[in-house]
Structure formats: C-alpha cells, structure tokens
Amino acid sequence: MNTAAQGSSFIWFLLLAFAFVMIFLPARSQKKREQELKTKVDALQKGDQIILASGIIGTVVGFKDEALEVKVAENVKLTVLKTAIAGFLTDRTAAATKGGKK
C-alpha cells in the first residue's frame with residue numbers, strides 16, 4: 001500500500017471516530033440525566049416542591065397512578081403527569097446558595 005492510500009485510510013478512520021463521539025456520547029449523558037430525574041420522581045413525597053415543564057412551581061399534596069396532585073396556590077390543585085416534572089425547587093435553591101458562597 002502506498003502512503004497516499006494509508007493517509008486516506010487514516011483520515012476516514014478519524015472521521016468515523018469523530019462521528020461516533022459526536023453521536024453516542026451526548027446520547028449517553030442525556031440518558032443518564034433522564035435516569036437521575038426518574039429516580040428522584042420515584043422518591044417524591046408529600047410536601048416536596050417541584051417545577052413543571054410549563055414553569056409552574058408547586059407542592060406535591062397527593063399521588064395517583066402515573067400522576068400527582070400539585071398545590072400551586074390556596075385552594076388550587078392541579079393533577080399532572082409525573083412526566084411533566086422538569087426539576088425540583090430544592091435543587092435549584094441549593095445550587096443558587098452554593099454558587100453564591102465563596
């Protein structure tokens with residue numbers, strides 16, 4: 001094999017390796033984040049504050065099969081799917097507090 005063919009093969013190898021890294025590593029980290037969220041959702045208790053995908057902040061007051069009852073104001077309760085949970089207020093508060101201290 002001549003050096004031109006070897007160089008071309010090496011370039012193709014690098015291109016394929018780069019494509020692999022760009023496709024599979026982000027998917028892996030996304031799956032890890034989804035698993036962490038699912039674990040936290042499964043561990044929810046009454047009184048936990050959550051953030052819904054729509055941006056609504058509320059307190060968990062009850063559980064149904066695949067849904068939660070969330071209190072968002074006095075005498076206002078919403079029934080939302082567990083999949084609508086985007087985050088937890090305690091996580092954001094802890095991150096903000098941690099970032100503010102030096």
Side-chain angles (χ1 to χ4, degrees):
M1 223 163 143
N2 63 21
T3 57
Q6 287 176 339
S8 177
S9 297
F10 183 70
I11 289 173
W12 277 107
F13 173 75
L14 285 178
L15 191 60
L16 288 174
F18 180 73
F20 176 81
V21 168
M22 294 305 293
I23 292 171
F24 292 105
L25 285 183
R28 184 174 176 232
S29 63
Q30 175 67 25
K31 190 169 188 167
K32 184 178 177 182
R33 281 191 301 270
E34 288 174 2
Q35 183 62 37
E36 288 174 359
L37 182 64
K38 184 181 182 322
T39 302
K40 287 183 179 182
V41 168
D42 291 341
L44 275 175
Q45 299 175 357
K46 288 183 180 181
D48 289 346
Q49 290 190 314
I50 60 172
I51 302 171
L52 300 175
S54 60
I56 296 173
I57 297 173
T59 304
V60 176
V61 293
F63 296 92
K64 295 184 179 178
D65 294 327
E66 288 298 313
L68 302 168
E69 282 193 13
V70 180
K71 180 179 177 183
V72 294
E74 282 300 316
N75 300 320
V76 179
K77 293 181 186 174
L78 302 174
T79 301
V80 298
L81 295 174
K82 289 181 180 180
T83 56
I85 298 173
F88 301 87
L89 193 62
T90 53
D91 289 348
R92 305 242 176 165
T93 306
T97 304
K98 186 176 180 182
K101 292 182 180 178
K102 289 188 178 184

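From a predicted model like this one, the values you see are computed outputs, not experimental measurements.
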Nearest heavy-atom neighbours spanning [X] and [Y]:
| X | Y | answer |
| --- | --- | --- |
| Gln45 | Val60 | O-CB, 3.8 Å |
| Ala67 | Thr79 | CB-CG2, 4.0 Å |
| Val61 | Lys46 | O-CE, 3.4 Å |
| Leu44 | Phe63 | O-CZ, 3.5 Å |
| Pro26 | Val21 | CD-O, 3.5 Å |

Could you tell me the separation between the [atom1] atom of [X] and the [atom2] atom of [Y], rounded to the nearest 0.5 Å?
| X | Y | atom1 | atom2 | answer |
| --- | --- | --- | --- | --- |
| Ile50 | Leu68 | CD1 | CG | 5.5 Å |
| Thr83 | Leu52 | OG1 | CG | 10.0 Å |
| Leu81 | Asp65 | CG | CG | 11.0 Å |
| Lys64 | Lys82 | NZ | NZ | 12.5 Å |

Only pairs at least two apart or in different chains count here, so list each side chain to side chain donor-acceptor pair (under 3.5 Å) that has a residue in residues 13-33. Gln30-Arg33, Gln30-Glu34

My understanding is that a hydrophobic cluster links ILVMFWY residues whose side chain heavy atoms are under 4.5 Å apart, including indirect links. Using that, what else belongs to the cluster containing Phe18? Met22

Just wondering, more than 12 heavy atoms not from Lys77 lying within 6.0 Å of its NZ? no

For Val72, enumerate each residue passing the side-chain contact (heavy atoms from CB on, under 4.5 Å) test, keeping only those at least two apart in sequence or located in another chain. Ile56, Val70, Val76, Leu78

